[in-house]
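Values reported hereafter were calculated over all heavy atoms of this structure, with side chains retained and with hydrogens, waters and symmetry mates removed.
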Amino acid sequence: MKPVHPTIRLLVHLAAAALLVLAIGPAQDAGAARSAPGARAPIVKTRKIAPGLKYIRIVQRQLPLRTFVLKVDLSKAITLDTTIADESLPSRRQLSRIVRNHGALAGVNGDPGEGLGNTVHPFAQDGDLLHTAGPDAEMFAVSKDESSTFLGNPTLKVNVTDLSSGRVFTLDRWNRRAPEPGEIVGFSPLGGTLASPPSFSCSVRLLPQGAPQVASPDGVDRDYVVDVATCSESPLDRSGGVVISTAPGTDEAEMLLALSPGTPMRLHWTLGWPGVFDAVGGDPILLLDGAQTPVCVSCARQPRTAIGVTATGQILLVVIDGRRPGWSRGATLGELRATLRDLGAVDALNLDGGGSSEMVVNGEVVNRPSDGRERRITNAVLILPGADPGE
């Protein structure tokens, strides 16, 4: 199996660095506090959860600071999965319930929620796109075969092709608001009641003809067939399929209404990365190809969650407790980056923090969420035993 991360590094030096951090604790980034001379070394405890999955707890009592790490080797019989908390939007559950419902070995919180039970950034699970969002979204993604990971500011594109004629309909949004004149938008079952098809529109219902498939050269394809095309004051029900809608009395409406029942259609969405089935957003990127990226230098210490990738392709899921005097003070973004770098990360993305920062291992909440209880979150990053049943 190929390494998850494609960048070649000086592996001997990185291995030495990884051993060093376990011995002396995180090196310091700009803004990070250094231990006083003679300070005690961190307490580091490592436990094997499953082949390819290690749980590491790092305690620095003098600061105080408590860091929780999941180290994941996707070349083993485990899978990284992104998922919303419920079957559709709005989506809110405690992380322990999400982990239990998916039979996961472990998990952490994912992208921040926007307050209505939806993610702030675009999100994908098992080849299904949850929704589009604004430009410049910073995202982490993994390919379906778990052999490659991606981090950056991708351009998300969605279209539907009439396979009988070759006509391509470019979609302006997915599971996000009713169409304006001149726009074509799509709605899938994942949108639930939060993003349902609009009233007073012209719409086409497409019924699925198979599961999502890896597209060439990038993205995901899924085949459908036209079920009905109509204009109505009432929303067109999805009925297990997707609905493509536009404003009535427009050229776009005329084109959609010309689609007859039985017409084969293909939905395609892409972040520009090959083979991606699962993707989660965050902010900001902390490390990219080993280089530091700009972060907030005035942001206070807070509970933090992040995802990283080492040069050898291992995944790091990191949670740092905060807002708990005497237990753990939290971390600035610079300190979070230093921790990830010391653990061997060359790519890293900050996820949701604060009261949402949480890690569950073997059904147990291993950290201390700052709210004093589990917060209901919108989405999570999970580690599953074996293959992902959703794919």
Whether E358 side chain and V108 backbone form a donor-acceptor pair below 3.5 Å: no
Of all pairs that satisfy ring pair (Phe, Tyr, Trp, His ring centres under 6.0 Å), the ones with a partner from residues 146-194, not counting sequence neighbours: F150-W273
ring-ring contact (aromatic ring centres under 6.0 Å, His included) partners of Y55, counting only residues at least two apart: none
Path from I84 to L271 over hydrophobic side-chain contacts below 4.5 Å: no
Derivation and outcome, side chain to side chain contact (heavy atoms under 4.5 Å, CB included), residues S199 and E233: CA-CA 5 Å; S199 55; E233 295 180 0; 5.9 Å; no
Minimum heavy-atom distance between D223 and R266, given as atom pair plus value: OD1-NE, 2.6 Å
Single-linkage hydrophobic cluster L63~I58, side-chain heavy atoms < 4.5 angstrom: yes
N-O pairing of E114 and R176 below 4.0 Å: yes
Under 3.5 Å donor-acceptor, D371 side chain and R373 backbone: no
CA sep, side-chain torsions, deciding dist, call: D352, D111, side chain to side chain contact (heavy atoms under 4.5 Å, CB included): CA-CA 5 Å; D352 196 10; D111 189 25; over 6 Å; no
Cluster overlap I377 with V381, hydrophobic side-chain contacts below 4.5 Å: no
Donor-acceptor pair, side chain of S328 and main chain of R66, under 3.5 angstrom: yes
For P248 against A253, the heavy-atom pair lying closest together: CA-CB, 4.2 Å
Salt bridge D128-R222, side-chain N to carboxylate O under 4.0 Å: yes
Salt-bridge contact D162-R167 (side-chain N to carboxylate O under 4.0 Å): no
Residue pair P294 / P284: nearest heavy atoms and the distance that separates them: O-CB, 4.5 Å
Polar side-chain atom of T246 near backbone of E183 as donor-acceptor pair, under 3.5 Å: yes
Heavy-atom closest pair, residues D126 and P212: O-CG, 4.1 Å
Cluster overlap L287 with V72, hydrophobic side-chain contacts below 4.5 Å: no
Exercise: identify the closest heavy-atom pair between D289 and D347: N-OD1, 2.6 Å
Pair T378-R93, side chain to side chain contact (heavy atoms under 4.5 Å, CB included): steps then yes or no: CA-CA 7 Å; T378 298; R93 285 187 190 274; over 6 Å; no
Test item: D321 side-chain N/O and S370 main-chain N/O as donor-acceptor pair under 3.5 Å: no
Stepwise side chain to side chain contact (heavy atoms under 4.5 Å, CB included) check, V309 with L151: CA-CA 9 Å; V309 184; L151 179 66; over 6 Å; no
Heavy-atom donor-acceptor pair, T339 side chain to E335 backbone, under 3.5 Å: yes
Throw together a table of side-chain donor-acceptor distances under 3.5 angstrom for residues 188-197, partners on residues two or more places apart or in other chains.
{"unit_1": "S188", "atom_1": "OG", "unit_2": "N175", "atom_2": "ND2", "d": "3.0"}
{"unit_1": "S188", "atom_1": "OG", "unit_2": "L190", "atom_2": "N", "d": "3.4"}

Closest non-hydrogen atom pair, R304 against A331: NE-O, 2.8 Å
